[in-house]
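First up is the structure itself, then whatever we jot down about it.
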Amino acid sequence: MLDRRSVVSALFLGFAGIFSILSGTVLAQEAPPIRIGFSIAKTGLFASATPAQLNAYHFWRDQVNEKGGLDIGGVKRKIEFVEYDDQSNAASAVKIYEKLITNDKVDLLLSPWGTVSHFAIVPVLERFGFPVIGSTASSVHVRELNVKNMWFVSPSTHDKLSIQLAQMAKEQKVSRAAVIGSVLPQSKEIRNFLVPALEAAGIKIAVNEEYPPDIKDMTALLSRIKAANPDGIFVLSYPADSFLYTRQAKEIGINTPFQWLAIGPTIPAYRKMFGSSVNGIISMGHWSPAQSHWPRAKPFYDAYVARFKEEPDYLDTVLAYMSCEILEEAVAEAGLDKAKLREVINNKTFDTINGPVKFKGVENMTTPVGFLQIQNEQFHIVWPAEISTAPIQPKLNW
Amino acid sequence: MTSFFEILTSGQLLLAALITGTIYATVGLGLNLVYGTMRLLNVAHGEFLMLGAYVAFWGFSLFNVSPFLSAVVAGVLTAALAAALYFGMLRWCLRNPRMRKRIEPNSLLIFVGVSIILQNISALSFTGTPRGYQYLSGVMTLGSISISANRLGAFVFCIAICIATLIFLRRSATGLAIKALIQHKEAAEIVGVNVTRLEFFALCAGFATAGIVGALVSMTEQTTPFMGFPFTIAAFIVIIMGGLGNLAGGIVTGLLLGFIETYGVAFTSAAWSSILLYGVFVLALIVRPEGIFTVRQVVR
């Protein structure tokens with residue numbers, strides 16, 4: 001005869017068995033999450049520039065997970081990020097990407113922020129044959145290295161950017177230019193191509209100066225520009241110096257009709273801080289939700305604004321999101337096999353919020369190099385004509 | 001081409017140098033006050049400045065409060081944080097004789113931790129997205145000099161803080177006691193100065209200064225959880241060059257650095273600004289390691 005203890009034990013074991021069978025069934029049905037790794041500057045010199053990219057990554061992850069997960073050759077798997085802070089240090093980014101591949105054994109990788117970090121991780125990617133879609137970067141040097149595992153979503157490779165910029169300036173009747181920029185590598189690379197391009201377009205260089213990335217006051221430099229009286233100013237800036245230039249150019253009263261700033265004006269805080277006084281400022285960028293040629297642009301914009309309660313960065317958020325879209329489409333076709341993934345990325349035309357993207361080598365060959373201008377406190381594409389959403393206007397005053 | 005004479009007589013450059021220098025001086029003042037009285041190396045000084053900037057940003061964005069009023073609120077809040085830190089940790093370190101003996105390296109470690117914690121709490125609470133707002137952003141012109149009203153306001157506010165501090169230290173009994181404490185702690189204690197009370201007061205005042213400057217700076221610079229570090233570096237350069245604990249020397253050094261940065265660029269090139277600034281710093285350390293305005297003591 002069974003005593004009470006035996007009955008309780010039998011019942012317990014029975015329930016445990018049923019539970020384990022049920023949970024096993026559930027687990028068997030749900031594929032494990034796919035782990036995607038990246039590093040980004042959460043602290044250090046570039047920390048203020050990276051939230052736009054990080055927001056894009058998180059936004060994309062959540063959107064994909066809401067739809068059931070990332071389609072990997074027909075199987076949907078939820079995305080799990082493995083993210084690290086590289087402290088704005090490219091050397092740290094190199095170590096982190098090696099760790100992500102060898103130690104964390106992530107399934108896929110997203111790119112870090114900025115040209116320097118992209119450039120730095122290329123040897124690691126080449127060594128391990130791990131493909132990465134680049135986002136907030138472009139580099140002539142990487143193109144010349146003929147790398148096999150990195151592609152740049154940004155069409156603004158600095159030689160092409162410089163030619164387009166010089167052409168736009170010439171059309172705007174710029175004849176004397178001031179070129180100032182940070183000593184950081186991206187600014188230097190743009191300068192190396194921009195100055196010859198401006199000269200080739202018949203534009204004289206009245207001021208050509210560099211400044212350190214931690215510059216606190218530009219009064220003396222801007223006074224020199226004002227005295228030289230150019231009709232075009234090209235500021236090869238990073239976000240912090242874009243803010244500083246704008247504040248002090250406004251103070252000193254630099255009313256040059258053509259003012260181009262590299263990185264910074266597309267950050268939403270820029271227009272919040274300077275309001276209508278920055279109408280007429282031109283910056284790097286080739287996307288607008290108002291461009292009806294790209295049917296995914298406006299829904300992306302609306303969903304982003306609904307989530308973050310502010311506009312996306314028209315450059316960095318867009319580039320980062322495009323890189324995710326391309327990865328998503330490539331993985332759906334190729335799965336996780338790195339060789340197949342490379343083949344698909346090299347040959348397929350991808351559908352993004354910025355229209356179709358097709359790579360040749362490392363370069364995006366379909367998206368044109370473009371420029372954005374702030375008009376009535378909103379961004380409009382003003383160059384080139386085939387994607388423009390408004391005609392370019394001279395900067396009248398602050 | 002701007003001539004030598006034009007640079008020297010430019011009111012715009014003079015004002016720029018004064019503004020940069022005054023901000024350096026005020027940021028250094030708070031740090032110096034804390035170091036001078038307690039020998040605490042507050043490497044989280046910039047993070048308290050960042051908190052002040054967020055107080056002003058949210059105050060303006062949510063309640064339309066003037067950043068000048070927020071500066072006072074930020075001062076009170078950062079002083080309250082200093083008090084919490086004092087009663088939560090620093091008091092124990094200062095009372096423990098073994099800890100007190102090694103207070104400089106210990107405080108360095110403590111404040112590195114505080115700095116990381118504050119940065120991360122801010123990043124989690126406010127996200128890393130840069131914040132900005134417009135307040136008194138119109139440009140005022142007086143003859144050949146132009147300045148945005150918010151920068152002029154911040155300049156005047158910072159000058160007022162520096163002057164008020166110097167007057168307080170020279171004229172009030174508490175100020176004189178603080179000076180005595182900075183000069184010689186044991187002697188001050190012997191003549192009846194309440195060291196514990198004064199140290200607490202100086203700590204709160206030093207942190208409050210950082211919060212106030214942060215609120216002022218938020219009008220002209222983007223506010224992010226990581227904005228504090230460059231200010232910490234600037235403050236340390238100011239107080240090391242001016243003499244650790246030498247408040248008046250620190251203020252003069254802050255102004256001097258502003259002039260070196262502005263006129264250095266005007267006479268040479270913008271590419272030279274960091275080289276000049278750090279070059280002078282290194283030179284000062286070699287020639288007068290005790291600080292350029294510290295009077296050498298003769299030991300008999």
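Naming convention: chains lettered A, B, ... in sequence-line order (proteins, then strands); numbering from 1 in each chain.
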TODO: Heavy atoms only, distances under 4.5 angstrom: which of A/A269, A/S277, A/A228, A/P268 has the most pairs with chain B? Name it, please.
DONE: A/A269
Task: Greatest number of heavy atom pairs closer than 4.5 Å to chain B - which of A/L244, A/L221, A/D217 - done: A/D217
Task: Separation between CG of B/N150 and OG of B/S137, rounded to the nearest 0.5 Å - done: 6.5 Å
TODO: Examine distances only and state if a side-chain atom of A/E251 and a backbone atom of B/S148 form a donor-acceptor pair shorter than 3.5 Å.
DONE: yes
Open item on the list: I need the residue from B/I147, B/T141, B/I233 with the largest number of non-hydrogen atom pairs under 4.5 Å to chain A.
Closed with: B/I147
Open item on the list: Heavy-atom pairs under 4.5 Å with chain A: which of B/A123, B/A17, B/P130, B/P230 has the most?
Closed with: B/P130
Task: B/F60 portion near chain A, given a 4.5 angstrom heavy-atom threshold - done: neither
TODO: Taking B/T262 for its side chain and B/F259 for its backbone only, find out whether a donor-acceptor pair lies under 3.5 Å.
DONE: no
Task: Passing option when A/P185 is tested against A/V116, A/T115, A/I190 for side-chain contact (heavy atoms from CB on, under 4.5 Å) - done: A/V116
Open item on the list: With a 4.5 angstrom heavy-atom cut-off, is it the side chain or the backbone of A/F274 that approaches chain B, or both, or neither?
Closed with: backbone
Open item on the list: Report which part of B/S146 has an atom under 4.5 Å of a heavy atom belonging to chain A: side chain, backbone, both, or neither.
Closed with: both
Task: A/W398 (side chain) donor-acceptor with A/I254 (main chain) under 3.5 angstrom - done: yes
Open item on the list: In the structure I gave you, are the side-chain heavy atoms of A/N55 and A/P312 within less than 4.5 Å of one another anywhere?
Closed with: no
Task: Toward chain B, the part of A/A206 with a non-hydrogen atom under 4.5 Å - done: neither
TODO: Can you measure from CD1 (A/I205) to CG (A/L194) and round to the nearest 0.5 angstrom?
DONE: 7.0 Å
Open item on the list: Quick check for you: among B/M219, B/E221, B/Q119, which has the greatest number of heavy-atom pairs under 4.5 Å with chain A?
Closed with: B/E221
Task: Contact origin within B/S61 toward chain A - heavy atom pairs under 4.5 Å - done: neither
TODO: For B/H45 and B/V27, indicate whether the former's side chain and the latter's backbone hold a donor-acceptor pair under 3.5 Å.
DONE: yes
- [ ] Spell out, as yes or no, whether a donor-acceptor pair under 3.5 Å connects the side chain of A/T317 to the backbone of A/A56.
- [x] no
TODO: Select one option (side chain, backbone, both, neither) describing which atoms of B/E261 are under 4.5 Å from chain A's heavy atoms.
DONE: side chain
Open item on the list: Heavy-atom pairs under 4.5 Å with chain B: which of A/L54, A/D313, A/D214 has the most?
Closed with: A/D214
- [ ] Report the option among A/K272, A/E310, A/Q248, A/M218 that has the most heavy-atom pairs separated by less than 4.5 Å from atoms of chain B.
- [x] A/K272
TODO: Measure distances from B/F226 to the heavy atoms of chain A and classify the residue's part below 4.5 Å as side chain, backbone, both or neither.
DONE: side chain
